[in-house]
Amino acid sequence: MDSIEFDAIIRHPRTIIHIDVDCFYAQVEMLRHPELQSKPLGVQQKNIVVTSNYLAREYGIKKCMSVEEALQLCPELALVNGEDLTHYRHYSAKILKILHRFTPLVERLGFDDNFLDVTSIVQKYMNSGNDSELNISINMEDEHPVGKVFGPSEEECPCGCHSRLIIASKIAAEIREQIYKDLHITCSAGIGHNKLLAKLVGLLHKPNQQTLIFPCSAAMLLSTIESVSKIPGVGQKTTQLLMSNNIKTVDDLRKTPLEALEKKIGIDLARKLKDNAEGIDETVVKPTGKRQSIGLEDGFKSVSLIAEVESRLGALLRRLTELAMEDGRIPVAMRLTVRKHDFNKSASGKRETRQCALPKHLLPSSKSGIYDHAKMLALAMKLFHRTVDVSKPFHLTLLGVAFTKFEERSSGKNSITSFLRKQVAVQSVLDISSEEGVSDINLGSPMSVNQDSNDGSAMSTTSSPISKPIGTNNQTVDDDVLNEIEPLPKKTRLEVWLSGRRESPSNEMADLRLSPSSPMQLSPKIDAAVLKSLPIDIQREVTRSWPTTSKPKSNNILKYFIANK
DNA sequence: CCGGGGTATT
DNA sequence: AATACCC
Ligand SMILES: Nc1ccn([C@H]2C[C@H](O)[C@@H](COP(=O)(O)OP(=O)(O)OP(=O)(O)O)O2)c(=O)n1
């Protein structure tokens, strides 16, 4: 191959747009409270201002600043509580839908940070001047990019990315416009040939702006960010490690040989950082699928009473089951999170978690699509007793509960979906000789079987009642599943694979977990045995909190269908 | 009580 | 189950 051909080889085949909503929570709150639009506004979670609008930022208010500090900087700061993320989650979903009008290749970080691989969209515009599936019009005549450009742009890269990126800037503008027209939300965007550059360059001009970077300016952009901690993926720990080795800036990173770096931070991270320092990032846009966990947390000064734990967990569970119903899938595992007060030290207190299988999907699929909150709470309390020794005083500062595994909901043949989910989406591989490499497309069937770790032999202390009545031993025959929660059984890869391709996915695996003496009837009523095992005040709590569990009427079911739209 | 969420890796 | 990272 001669040199002319060599120059023509595509080196920057992909085109990536990064979209970040401007001061997301604050914008949502301004929409909800229009009278706050023209005032400095902070969104408060407990004692911190998690974000603020741009008016407030003029006072020097930063993300995650303490309320005290923020009010010192701006005494007239308006504050709205943002501890309940419902509205943000709602807007987040709407924004994602708009992004999906352009491409399914959207990867999200959090609620408002999005990467789009628009390579194929751009390609269609280059080939035919439009995209038949995308009825937006883009002015192909104008050869200038929309928005700002970082660095010089005189010299065009021979790979052709120059025009691709310019087209992408017009797509980004269209995306932002649609989001604004539909939702009155403003975003900022970065356009580049990889995720790293798109994200970093977008930070340069905010809010409600967009910035493009051509590959020839990549190294320059990385030089300007200085601190290594600004590189996505370099958090507190890595920063400390690097700094203790006198590596503070991107330039330090460049000067450090890979061999030296890898001894300090491991080969994987070392290679990534050496690449990133040059503006190289081969990671693909991995379309974000369904969430792998749905959880809620509540932090507080101190909780030391079991009854209060119970009522807080009850409140969390009630909200959590609503979220699970919106999701549509069926949770099969529950996780409890606890943070204990660390009073010997200023340290923040570590979290402890306990997880268990959800008995036979305590859930809706049975005719009454309604969660049995009493059993949910009893299960959560079981987990609680597994993490906190209540025979001694305790002092909690946080409780959280989450669903962590899901099954697709019944109906059709969902078998194919879980199998497909494992497959890497094919994207952006236009030329195998690209500088930034080709992603492995791993289609290997996951037949390899996990070495089965020994089954929960260490779990023998499970028969303590919910709240132990004094003088009672545990001899009572507990045939309820709640009395035998065991750690989540591990599925082998083979099992995952098999259950994923089963035509009618059944609960065989779950069935195996249940003891023979515990027929899992999905009674819509509170299990009397369970209820009786509870202390009287808790019994009252349970029945007061969820009156519907005592006698579900078809009306109750209806409202869930309506809520679900 | 640095919020209240998430993900991936070990 | 914990850790590290992200928003
Ligand atoms: N440590 C953090 C960081 C962010 N957020 C929330 C609040 C933000 O509104 C939202 C988005 O985070 P961003 O980092 O994108 O920040 P903003 O969108 O608020 O501001 P900017 O305009 O600088 O992007 O996520 C959070 O809860 N905790």
Side-chain angles (χ1 to χ4, degrees), chain A residues 18-26 42-52 62-70 79-89 92 95 107-115 195 199 203 229-241 265-266 268-269 272 283 286-304 312 316 319-320 323 327 333 335-343 345-356 383 386-387 395-404 453 456 458-459 487-488 490:
Chain A
H18 179 253
I19 301 271
D20 189 292
V21 182
D22 302 319
C23 58
F24 182 39
Y25 292 3
V43 176
Q44 180 175 8
Q45 285 171 332
K46 295 301 187 304
N47 205 30
I48 74 169
V49 176
V50 66
T51 195
S52 61
K62 306 287 201 223
K63 271 180 256 190
C64 296
M65 182 177 270
S66 80
V67 171
E68 258 185 46
E69 204 176 342
L79 289 170
V80 305
N81 187 286
E83 288 162 20
D84 184 338
L85 306 188
T86 302
H87 298 112
Y88 317 136
R89 190 180 288 113
S92 179
I95 289 165
E107 178 180 345
R108 328 200 78 199
L109 278 75
F111 285 173
D112 84 322
D113 209 1
N114 309 275
F115 293 97
K195 291 203 287 179
K199 175 157 186 160
L203 296 172
S229 65
K230 300 258 177 56
I231 297 177
V234 178
Q236 183 189 291
K237 296 289 177 179
T238 309
T239 304
Q240 291 293 348
L241 249 181
I265 62 175
D268 288 349
L269 201 51
K272 171 201 145 71
T283 61
K286 188 188 166 202
T288 301
K290 306 244 195 174
R291 284 177 292 181
Q292 308 200 8
S293 69
I294 300 179
L296 293 170
E297 296 175 356
D298 189 8
F300 31 74
K301 287 216 153 82
S302 173
V303 165
S304 354
R312 286 183 183 272
L316 289 174
R319 286 208 287 144
L320 186 61
L323 291 178
D327 180 89
R335 173 186 316 200
L336 181 85
T337 302
V338 156
R339 187 176 63 202
K340 294 165 172 164
H341 186 75
D342 209 343
F343 44 147
K345 227 356 187 214
S346 60
S348 42
K350 307 246 179 284
R351 294 150 106 99
E352 289 176 44
T353 73
R354 296 294 183 272
Q355 194 169 161
C356 73
L383 288 171
R386 235 167 77 193
T387 114
H395 194 288
L396 310 180
T397 62
L398 179 139
L399 283 169
V401 61
F403 292 139
T404 56
S453 51
M459 288 293 313
L488 214 50
K490 272 195 176 145

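Letters go in sequence order (proteins before strands), and every chain restarts at 1.
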State which residues pass ring pair (Phe, Tyr, Trp, His ring centres under 6.0 Å) with A:H395; sequence neighbours excluded, sorted by chain then number.
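If we apply the ring pair (Phe, Tyr, Trp, His ring centres under 6.0 Å) test to A:H395, skipping adjacent residues, the hits are A:H341.
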By ring pair (Phe, Tyr, Trp, His ring centres under 6.0 Å) - contacts of A:F24 (at least two apart):
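Testing A:F24 for ring pair (Phe, Tyr, Trp, His ring centres under 6.0 Å), a comparison that skips the adjacent residues, returns none.
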Rounded distance (Å) that lies between atom [atom2] of [N] and atom [atom1] of [X]:
X: A:L316; N: B:dG3; atom1: CG; atom2: P; value: 16 Å
X: A:F403; N: B:dG6; atom1: CZ; atom2: C1'; value: 17 Å
X: A:R312; N: B:dG4; atom1: CZ; atom2: P; value: 11 Å
X: A:I265; N: B:dT10; atom1: CD1; atom2: C1'; value: 17 Å
X: A:L296; N: B:dG3; atom1: CG; atom2: C1'; value: 13 Å
X: A:R386; N: C:dA1; atom1: CZ; atom2: C1'; value: 11 Å
X: A:D327; N: B:dG5; atom1: CG; atom2: C1'; value: 15 Å
X: A:L399; N: B:dG5; atom1: CG; atom2: C1'; value: 16 Å

Could you pull out all residues at least two apart from [X] that satisfy side-chain contact (heavy atoms from CB on, under 4.5 Å)?
X: A:E83; result: A:Q45, A:K46, A:N81
X: A:E352; result: A:K340, A:R354
X: A:S293; result: A:T404
X: A:D84; result: A:T86, A:R319

For A:G299 and A:H395, find the nucleotide of DNA chain B closest to each by heavy atoms; which residue's nucleotide sits nearer the 5' end?
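Result of the comparison: A:H395.
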Using heavy atoms to find the nearest nucleotide of DNA chain B for A:D268 and A:S293 separately, return the residue whose nucleotide is more 5′.
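Closest to the 5' end, via its nearest nucleotide, is A:S293.
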Which of residues 80-89 of chain A have a heavy atom under 4.0 Å from DNA chain B?
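Contacting residues: A:E83, A:L85, A:R89.
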In residues 44-51 of chain A, which residues come under 4.0 Å of DNA chain B by heavy atom?
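Residues of residues 44-51 of chain A under 4.0 Å from DNA chain B: A:Q45, A:K46, A:N47, A:I48, A:V50.
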Treat primed atoms plus P, OP1 and OP2 as sugar-phosphate and everything else as base, then score nucleotides 2-7 of chain C 5' to 3': B for base contact with protein heavy atoms under 4.0 Å, S for sugar-phosphate contact only, - for none.
SSSSSS
Residue list, side chain to side chain donor-acceptor pair (under 3.5 Å) with A:Q44, at least two apart or on another chain:
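Not a single residue meets the side chain to side chain donor-acceptor pair (under 3.5 Å) criterion with A:Q44.
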By side chain to side chain donor-acceptor pair (under 3.5 Å), which residues pair with A:D22, not counting sequence neighbours?
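If we apply the side chain to side chain donor-acceptor pair (under 3.5 Å) test to A:D22, skipping adjacent residues, the hits are A:T186, A:S188.
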If we take the P atom in both B:dC2 and C:dT3, what is their distance in whole Å?
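Rounded to whole Å, the distance is 15 Å.
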Taking C-beta and beyond as the side chain, do A:I95 and A:D112 meet within less than 4.5 Å on heavy atoms?
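A side-chain contact under 4.5 Å is absent here.
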Non-hydrogen side-chain atoms of A:S52 and A:M65 separated by less than 4.5 Å:
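No - every pair of side-chain heavy atoms lies 4.5 Å or more apart.
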For A:R351, check salt bridge (charged side-chain N to carboxylate O under 4.0 Å, His left out) against everything at least two apart and list the hits.
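Salt bridge (charged side-chain N to carboxylate O under 4.0 Å, His left out) check on A:R351 returns A:E297.
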Among A:N114, A:D113, A:T288, side chain to side chain donor-acceptor pair (under 3.5 Å) partner for A:R108
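For A:R108, the side chain to side chain donor-acceptor pair (under 3.5 Å) check succeeds only for A:N114.
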With a 4.0 Å cutoff (strictly under), does any side-chain N or O of A:K286 reach OP1 or OP2 of B:dA8?
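Looking at the OP1 and OP2 atoms of B:dA8, one of them is under 4.0 Å from a side-chain N or O of A:K286.
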